[in-house]
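Reckoned from all heavy atoms, side chains included, excluding hydrogens, waters and symmetry mates. Per chain, numbering begins at 1; letters A, B, ... match sequence-line order.
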Number of protein chains: 2
Amino acid sequence: MRVDLDRSRPVWRQVAEAISRRIDDGTYPPGGRVPGMVELSAEFGIAASTAQKALAHLRDTGQVRTELGLGTFVADAG
Amino acid sequence: MRVDLDRSRPVWRQVAEAISRRIDDGTYPPGGRVPGMVELSAEFGIAASTAQKALAHLRDTGQVRTELGLGTFVADAG
DNA sequence: GGAAATTTGTACGTATGTATC
DNA sequence: GGATACATACGTACAAATTTC
C-alpha cells in the first residue's frame, strides 16, 4: 500500500494516480469509501491541502464523488 | 469591468465566470492575454491564490491555456 | 433542539520551484 | 543575474453538511 514519491512530478498527481490504481484493482470498490484528506496526509506524509487537491482532481475527472460531511466515495462504474 | 462578489457562491468560481464572460463578449480575444494572478487579485480584491484557482479552473475546462513564465492566454476557438 | 466530532470546501498567506524575457 | 509569471507544497482558519450523543 506504500507509494514512493519522487520529486520530478507533482505530489498531488502521484497521490491521485495511486488512488486511481487502487480503484482499478478493486482495493477501493465502487461505492466504497476512499481515504479522506486526513488519512491520506498521514499515509503519504503530505499536507492535508495537498491530499485535498488530489481528491478534488479525482472528483473533477469523475473517478470519485464527494459528499460534504460524509467523505469521498468511488464513483459507480459507468 | 467591475464584478460584484456575493457570499453565497465561491469567489474563485465567480471570478472564473467573469473571465469566461469577457472571453465570450470579446473583451479578451482568442490568443490574447488574460490578466494574471496578481492583476486579478488586485482588481477583485482577493488573494492571489484564489485568483490562481480561478485561472486553473479555466485551464482545466479548456477556456484558456497557461504558459510558464509567460502568462495566461485565451484558447483558440475550437 | 443543541453540542461535539468528523469531513469536505473555501479563502488566505507564505515559500519555493520552474520557465521566459 | 534580475524581473515577471505560473505551479507546487505547506499551513491556518473558518464555513457547511452529516452523524452521533
A:R33 and A:E39: salt bridge (Lys or Arg N to Asp or Glu O under 4.0 Å), yes or no, with the steps?
-> CA-CA 12 Å; A:R33 192 171 175 285; A:E39 295 160 278; 3.2 Å; yes
For the residue pair [X] and [Y], what are the closest heavy atoms and their distance?
X     : Y     : value
A:T61 : A:L58 : OG1-O, 3.1 Å
A:A18 : A:F44 : CB-CZ, 4.2 Å
B:Q14 : B:R9  : NE2-O, 2.7 Å

Rounding to an integer number of Å, can you tell me how far [X] [atom1] sits from [N] [atom2]?
X     : N      : atom1 : atom2 : answer
B:E67 : C:dC21 : CD    : C1'   : 13 Å
B:M37 : C:dA11 : CE    : C1'   : 15 Å
A:R33 : C:dT8  : CZ    : C1'   : 10 Å
A:I19 : C:dT8  : CD1   : P     : 11 Å
A:L40 : C:dG9  : CG    : P     : 13 Å
A:R7  : C:dG17 : CZ    : C1'   : 14 Å
B:I46 : C:dT10 : CD1   : P     : 14 Å
A:R9  : C:dT18 : CZ    : C1'   : 17 Å

Quick one: is C:dT8 close enough that its OP1 or OP2 comes under 4.0 Å of any side-chain N or O from A:Q52?
->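 No, because none of the side-chain N or O atoms of A:Q52 sits under 4.0 Å from OP1 or OP2 of C:dT8.
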With respect to the phosphate group of C:dG9, does any side-chain polar atom (N or O) of A:T66 fall under 4.0 Å of OP1 or OP2?
->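 For C:dG9, OP1/OP2 do have a side-chain N/O of A:T66 under 4.0 Å.
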Which residue, B:V15, B:L40, B:T66, forms the side chain to side chain contact (heavy atoms under 4.5 Å, CB included) with B:L55?
->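 The side chain to side chain contact (heavy atoms under 4.5 Å, CB included) with B:L55 is passed solely by B:L40 among B:V15, B:L40, B:T66.
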Please figure out whether A:V11 or A:L70 has its closest DNA chain D nucleotide nearer the 5' end.
->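 Taking each residue's closest nucleotide, the earlier one in sequence belongs to A:V11.
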Does A:S49 or A:G71 map to a spot on DNA chain C nearer the 5' end, using the closest nucleotide for each?
->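 Nearer the 5' end of the strand: A:G71.
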Under a criterion of less than 4.0 angstrom to any heavy atom of chain A, what are the 5'-terminal and 3'-terminal contacting nucleotides of DNA chain D?
->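 Going 5' to 3' along DNA chain D, contacts run D:dT8 to D:dT19.
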Rounded to the nearest 0.5 Å, how far apart are CG of B:D24 and CD of B:Q63?
->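 Here the interatomic distance stands at 7.5 Å.
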For B:R13, which contact category applies under a 4.0 Å heavy-atom criterion: base, sugar-phosphate, or nothing?
->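 Nothing: the residue B:R13, judged by heavy atoms under 4.0 Å, touches no strand.
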Any donor-acceptor N/O pair, A:S20 side chain to A:A16 backbone, under 3.5 Å |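 Here the side-chain-to-backbone pair does not exist.
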